[in-house]
Amino acid sequence: MKTRIRKSSLVILITGAAAATFLIVSNQLAHRGEEQGDIARGKAIAEQTCLRCHMEFAGDPYPDPEITTAPPLASFGQRWPIENLEEALAEGITVSHDQLTMPEFTFTPETIADLLAYLDDLSQRADARPAN
């Protein structure tokens, strides 16, 4: 009788361990390829690309006084879920500001993750700002 209980306990233990291993592995496979962005690198990318036309926050001066309709980067998180911009950045954003076509940029998955981390940070800081 004790042998049967030990075997049952061992089977339950092995089954539980196998199920836990399966969950861990499937979670890792589901998130394989997802990049964790770096805010500082994202800001550097934005300074080279986006901040030539866009301001960081509403009320900041426009970097180019000729372009007055480029929305502030911090507003992106209020307009769209930030993660939804990943595909647009990968494929290329084609919009125009003040009859100027937005330049084409080529981003890697890592630079996209960095830029999205920076945009998310800006959105959170904009949300935390007191209303004027």
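Residues: numbered from 1 along the sequence shown.
Shortest non-hydrogen contact noted between A117 and D38 is CB-N, 4.0 Å. Closest heavy-atom contact between L73 and A46: CD1-CB, 4.3 Å. Closest of all the heavy-atom pairs between C53 and I67 is SG-CD1, 3.3 Å.
Taking CG of L89 as the start and CG of L119 as the end, the distance is 7.5 Å to the nearest 0.5 Å. With rounding to the nearest 0.5 angstrom, the CZ atom of F57 is 5.0 Å from the CG atom of L122. If you take OH on Y62 and OG1 on T69, they are separated by 6.5 Å, rounding to the nearest 0.5 Å.
Two residues are said to be in side-chain contact when any heavy atoms from C-beta on lie closer than 4.5 Å; P71 and H54 meet this criterion. F107 has its side chain within reach of I45: a pair of non-hydrogen atoms, C-beta onward, lies under 4.5 Å apart. A 4.5 Å side-chain heavy-atom check between M55 and P72 finds at least one atom pair inside the cut-off.
Applying the side-chain hydrogen bond (donor to acceptor under 3.5 Å, both in side chains) criterion to T108, with sequence neighbours excluded, gives T111.
Among pairs with a residue in residues 113-126, those fulfilling side chain to side chain donor-acceptor pair (under 3.5 Å) read R41-D114, E56-Y118, D120-Q124, D121-R125, at least two apart in sequence or across chains. Under the salt bridge (Lys or Arg N to Asp or Glu O under 4.0 Å) criterion, no residue pair touches residues 68-92, with sequence neighbours excluded.
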One pair to check against side chain to side chain contact (heavy atoms under 4.5 Å, CB included): L85 and L115. What are the steps and the verdict?
CA-CA 10 Å; L85 297 174; L115 192 52; over 6 Å; no
